[in-house]
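Chain identifiers are assigned alphabetically (A, B, ...) following the order of the sequence lines, protein sequences preceding nucleic acid strands; residue numbering begins at 1 within each chain.
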Protein chains: 2
Amino acid sequence: MADGTGGLARAVLRDQLRERLLARILDGEFAPGERIVESHVMKEYGVSQAPVREALRDLEAMRFVESFPHRGVRVRLISERELAEMYPVRAALEEVAGRAAAPVVTDDVLALLADEIEAMRAATRDGDVHAVLVHDARFHEIVFETADNALLLDVWRSLHAEIRALVTYTRVRVGLTEIVESHVPILQALRQRDAALAGKEMRHHIEHFGALAFREKTARPD
Amino acid sequence: MADGTGGLARAVLRDQLRERLLARILDGEFAPGERIVESHVMKEYGVSQAPVREALRDLEAMRFVESFPHRGVRVRLISERELAEMYPVRAALEEVAGRAAAPVVTDDVLALLADEIEAMRAATRDGDVHAVLVHDARFHEIVFETADNALLLDVWRSLHAEIRALVTYTRVRVGLTEIVESHVPILQALRQRDAALAGKEMRHHIEHFGALAFREKTARPD
DNA sequence: CCGTGCTCGATTATCGATAATCGAGGAGTC
DNA sequence: GACTCCTCGATTATCGATAATCGAGCACGG
């Protein structure tokens with residue numbers, strides 16, 4: 001058993017490797033565009049090639065890396081153009097989630113959502129940008145889970161890489177408070193169980209920040 | 001990258017195995033709920049365990065099979081509910097594609113779309129259901145390609161709408177002619193370069209058949 | 001007769017090694 | 001000097017074998 005390096009010897013190796021590698025990608029230790037060589041990872045964690053390959057394949061499905069036959073795996077470089085492309089897709093998905101979630105949301109879930117907003121506010125006061133983003137993502141994830149559509153949730157999760165990269169771009173341009181408070185109308189629409197309104201608020205929420213983030217280059221013909 | 005039928009990704013065993021296994025699942029040779037044993041597939045195709053595992057993992061990501069650690073892989077029962085879940089997601093994506101494609105569509109593309117409709121009509125006359133679905137899928141794919149949003153195209157492809165539609169068709173009888181002719185309003189909206197209308201037609205197109213196939217559970221308040 | 005623990009066959013998860021493939025860089029030619 | 005061909009090092013794709021794990025069936029005690 002490989003216990004010389006980091007003490008990963010419990011569950012399925014593939015999953016542990018995936019989490020480790022993902023953390024390193026998000027920390028920027030693996031820079032975008034940089035290659036991730038299987039043999040290096042093998043030696044570093046003292047495991048064999050197979051679990052490394054499968055972990056990397058999982059990360060590919062999550063869109064954090066890309067791979068080409070015989071040419072290996074590299075951290076996906078997410079261009080500003082791709083981020084711009086994400087907004088209409090994400091906006092549409094969030095609208096679907098809002099519409100589906102509103103009629104079936106329970107008071108418990110509403111409380112959870114309110115908690116997340118509170119947590120975002122607290123993190124904002126502490127200046128903890130990372131925590132804000134975590135609770136932001138969690139807020140949206142709760143809505144998608146409530147929508148009770150496994151396929152929808154799956155597709156949304158596959159956008160994680162883009163969403164993650166997105167916040168790095170927008171971090172400096174948009175105030176944290178504005179981000180946090182813009183979740184309130186969504187919660188209110190859900191409280192009213194108004195499907196159309198909830199969908200609209202979800203859509204606007206995404207489109208608003210999309211327009212903010214790319215206002216200098218969006219020459220959208222309307 | 002998610003390759004559809006790109007062309008030069010042939011030599012990789014994993015991909016070939018995935019296609020073979022998928023065909024067998026769809027043919028019903030592997031019944032829903034039935035286990036797929038790695039060692040059996042190994043011997044049957046004369047390959048090693050690694051490519052089999054990776055092919056099965058791909059199929060898992062596509063939701064055609066499910067796997068549990070140390071307990072192997074089994075064919076997922078694609079429930080009617082799951083098929084129903086696809087429709088709102090797909091409808092939203094198609095609307096985005098229609099809106100994006102309409103302002104930039106060329107006459108060449110419009111001609112291609114008209115050709116696909118003609119091909120669908122011909123296939124209908126021949127009673128070739130599979131061909132109809134292929135050209136149907138191609139019609140929509142052309143619209144997504146025209147939308148010029150790589151992420152949107154990627155997400156749409158990940159739905160494998162053609163395959164799911166096939167499954168739907170085998171369960172719910174919908175008139176072929178109705179399917180084919182319902183593409184005409186989309187083409188007309190694109191001809192007018194009317195983004196909002198094209199999006200709306202795309203959405204209605206999908207929602208219509210979703211409602212037909214699963215009318216008992218869609219109770220959209222309107 | 002029923003429940004419990006154990007053994008065994010089947011299967012997966014992982015390993016270490018080999019074959020196939022790619023990209024860079026040097027020798028040779030015009 | 002620029003281009004082409006070829007070799008070589010690096011890396012991936014696949015293989016065959018071993019270790020870990022699970023579930024079913026059986027012996028045993030209550």
*Is any N or O donor-acceptor pair between the side chain of A:Q49 and the base of C:dA17 shorter than 3.5 Å?*
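Under the 3.5 Å cut-off, the side chain and the base do form a donor-acceptor pair.
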
*Take B:G72 and A:M42, find for each the nucleotide of DNA chain C with the closest heavy atom, and name the residue whose nucleotide sits nearer the 5' end.*
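Result of the comparison: B:G72.
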
Please report, rounded to the nearest Å, how far the [atom2] atom of [N] is from the [atom1] atom of [X].
| X | N | atom1 | atom2 | result |
| --- | --- | --- | --- | --- |
| A:F68 | C:dT21 | CZ | C1' | 16 Å |
| B:K43 | D:dA17 | NZ | C1' | 14 Å |
| B:Y45 | D:dA13 | OH | C1' | 20 Å |
| B:L13 | D:dG16 | CG | C1' | 15 Å |
| A:R57 | D:dT12 | CZ | P | 12 Å |
| A:L56 | D:dT11 | CG | P | 14 Å |
| A:R74 | C:dG23 | CZ | C1' | 13 Å |

*Any side-chain donor paired with an acceptor under 3.5 Å for B:E141 and B:W156?*
no

*Say whether A:H183 and A:D136, considering side chains only, have a donor N or O and an acceptor N or O under 3.5 Å apart.*
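Note: A:H183 and A:D136 side chains meet the donor-acceptor criterion.
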
Look at [X] together with [Y] and state whether they make a salt bridge at an N to O cut-off of under 4.0 Å.
| X | Y | answer |
| --- | --- | --- |
| A:E54 | A:R18 | no |
| A:E85 | A:R90 | no |
| A:R76 | A:E82 | yes |

*So do B:L17 and B:R14 actually touch side chain to side chain, heavy atoms under 4.5 Å?*
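They are not in side-chain contact.
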
*May I ask you to evaluate whether A:R53 reaches the phosphate of D:dT12, defined as a side-chain N or O under 4.0 Å from OP1 or OP2?*
no

*Would you please indicate yes or no on a ring centroid separation below 6.0 angstrom for A:F144 and A:H140?*
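Not under 6.0 Å, so no.
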
*Is the gap between the ring centers of B:H205 and B:F209 under 6.0 Å?*
yes

_Sub-4.0 Å heavy-atom contacts from residues 29-39 of chain A onto DNA chain C, ordered by number_ =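 Going residue by residue through residues 29-39 of chain A, none turns out to have a heavy atom under 4.0 Å of DNA chain C.
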
Show me the donor-acceptor pairs, under 3.5 Å and distance only, between side chains in residues 25-38 of chain A and residues at least two apart or in other chains.
| from | atom 1 | to | atom 2 | distance (Å) |
| --- | --- | --- | --- | --- |
| A:E29 | OE2 | A:R24 | NE | 3.0 |
| A:E29 | OE2 | A:R24 | NH2 | 2.9 |
| A:E34 | OE1 | A:A31 | N | 2.9 |
| A:E38 | OE1 | A:Q49 | NE2 | 2.7 |
| A:E38 | OE2 | A:R53 | NH1 | 3.1 |

Provide a list of protein-nucleic acid N or O atom pairs under 3.5 angstrom, restricted to nucleotides 22-24 of chain D.
| from | atom 1 | to | atom 2 | distance (Å) |
| --- | --- | --- | --- | --- |
| D:dG23 | OP1 | B:R71 | NE | 3.3 |

